[in-house]
Amino acid sequence: MTSMSRARVARRIAAGAAYGGGGIGLAGAAMAGLVVAEVHLARRQVNNGAHPHVPQADGRYGIAYDAPGPGKEPLRLTMLGDSTAAGQGVHRSGQTPGALLASGLAAVAERPVELRNVALPGARSDDLDRQVALVLRDGDRAPDVCVIMIGANDVTHRMPPTRSVRHLAAAVRRLRTAGAEVVVGTCPDLGTIEPVQQPLRWLARRASRQLAAAQTIGAVEQGGRTVSLGDLLGPEFEANPRELFGPDHYHPSAEGYATAAMAVLPTVCAALGLWPAEEERPDATRHEGFLPVARAAAEAASEPGTEVTAAMPTGPRGPWALLKRRRRRRVAEPERAPAAPPSERQAT
């Protein structure tokens, strides 16, 4: 599928989500009956060797930056989403994406960071309403920045993409209205999961990219930023499956989560105004620039680590966005002050 074709499909999905349209089927929906046996086989295979424990990573990071005074109070980072956001597949809290992002953010801001994670393994986008309610309950001060990673379970459970995007857009809108910056890690490429064979592999890859592009439109139009996580289960994982996949061959390993954190951290920092000013200007040598949001979303879905953020509310073909290909920076495993486990999250 070309970038322009993917842009058209993504725009239709996003429009259906915005206006209450029905379920626009993802790629290959008519072929579902031909691959149902393979789906069940793949699910059994990826569950073998699964490690259901999710390390508890909530707490304060960057404790070396603790100091009294204005501008030194902790930044608040909250993770929402599914098992990828929760960190399923690793054994130590410092290996989870939330801990890696909190550590990296603390180092860039030179301020401590309070991490809270309400992500739930197995969650689909319709669980975001519950998660956002947890984040905003009791009139608590909104987080400074929220990172949402969601979408893989929507694809594997065949949730209509219009419904998926509708829930994500609503979550971004509520968090932005409350005053939080929002960064969405879009649906990873499920076409490279080791047990998945053809034709399911092709369908999974195409459906993942369609959803990722539509998620980008929905999130950006509500004031969020997105980062393509195609590479989270993409070419790097395909080339190094033993290194970048966890024991269940489905969730990332510690190295895989570090790869994802490196892709997301620059956008988290940019959302908080912490990234160098020269990095914020489009770089023509890296093919960065302003595009209609649907075109930017389609290009981002094809290239992992690509950021899309709102730029102009109107243009010849609707809203425009800035597409950035940020350089990745290595994130070290963090040191933190532990917190008591929150009662609302369970590993399932």
Side-chain angles (χ1 to χ4, degrees), residues 1 5-32 39 43 79-86 118-133 135 146-176 182-191 193 200 203-230 232-233 250 293-294 296-298 300-302 304 308:
M1 178 180 286
S5 297
R6 190 176 295 115
R8 286 193 294 270
V9 172
R11 170 52 70 193
R12 288 200 301 271
I13 293 171
Y19 296 107
I24 299 175
L26 287 170
M31 296 177 62
V39 171
R43 283 179 177 171
M79 302 290 296
L80 304 91
D82 55 23
S83 56
T84 303
V118 299
L120 182 69
R124 286 167 267 181
S125 293
D126 55 4
D127 190 55
L128 289 175
D129 181 65
R130 180 192 66 83
Q131 294 183 28
V132 171
V135 174
C146 295
V147 175
I148 303 174
M149 296 180 177
I150 200 81
N153 296 315
D154 297 21
V155 173
T156 59
H157 289 79
R158 298 178 61 202
M159 175 182 285
T162 49
R163 182 182 172 199
S164 176
V165 174
R166 188 180 306 125
H167 284 291
L168 175 61
V172 174
R173 181 170 58 251
R174 289 176 63 192
L175 292 169
R176 291 291 291 131
V182 181
V183 176
V184 177
T186 56
C187 183
D189 183 355
L190 299 180
I193 298 172
L200 184 58
L203 293 174
R205 169 169 285 133
R206 192 174 177 195
S208 301
R209 291 186 177 185
Q210 285 182 2
L211 180 57
Q215 286 177 317
T216 295
I217 297 173
V220 168
E221 290 186 343
Q222 297 302 324
R225 300 180 184 225
T226 64
V227 179
S228 169
L229 292 184
L232 185 60
L233 298 174
Y250 184 88
V293 65
S302 301
V308 180

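Positions are given from 1, in the same order as the sequence printed here.
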Where the side chain of Arg176 meets the backbone of Gly223, is there a donor-acceptor pair that is under 3.5 Å apart?
-> yes
Between [atom1] of [X] and [atom2] of [Y], what distance do you get to the nearest 0.5 Å?
X      : Y      : atom1 : atom2 : answer
Ser228 : Arg209 : OG    : CZ    : 8.5 Å
Cys146 : Arg174 : SG    : CZ    : 11.0 Å
Asp82  : Ile148 : CG    : CD1   : 11.0 Å
Leu168 : Arg124 : CG    : CZ    : 15.5 Å
Asn153 : Ser125 : CG    : OG    : 9.0 Å
Leu229 : Met149 : CG    : CE    : 5.5 Å

Which atom names give the shortest non-hydrogen contact between [X] and [Y], and what distance separates them?
X      : Y      : result
Val172 : Gly224 : CG1-N, 3.9 Å
Pro304 : Ser302 : CD-O, 4.0 Å
Ala86  : Ala119 : N-CB, 3.7 Å
Ala123 : Ile150 : O-CD1, 3.8 Å
Gly218 : Val165 : CA-CG1, 4.1 Å
Leu211 : Pro161 : CD1-CB, 4.3 Å

Evaluate side-chain contact (heavy atoms from CB on, under 4.5 Å) for Val184 paired with Val227, printing each intermediate quantity in order.
-> CA-CA 6 Å; Val184 177; Val227 179; over 6 Å; no
Please walk me through it: do Val147 and Leu80 pass side-chain contact (heavy atoms from CB on, under 4.5 Å)?
-> CA-CA 6 Å; Val147 175; Leu80 304 91; over 6 Å; no
Using a strict cut-off of less than 4.0 Å between a Lys/Arg side-chain nitrogen and an Asp/Glu carboxylate oxygen, indicate whether Asp126 and Arg163 qualify as a salt bridge.
-> yes
Between Asp127 and Arg130, is the closest basic N to carboxylate O distance under 4.0 Å?
-> yes
Side-chain heavy-atom pair Val293, Glu221 within 4.5 angstrom cut-off | yes
Decide side-chain contact (heavy atoms from CB on, under 4.5 Å) for Cys187 and Val155; before the verdict, give the C-alpha distance in whole Å, the side-chain angles of both, and the deciding distance to 0.1 Å.
-> CA-CA 9 Å; Cys187 183; Val155 173; 4.0 Å; yes
Test side-chain contact (heavy atoms from CB on, under 4.5 Å) applied to Gln131 and Leu120, step by step = CA-CA 9 Å; Gln131 294 183 28; Leu120 182 69; 4.2 Å; yes
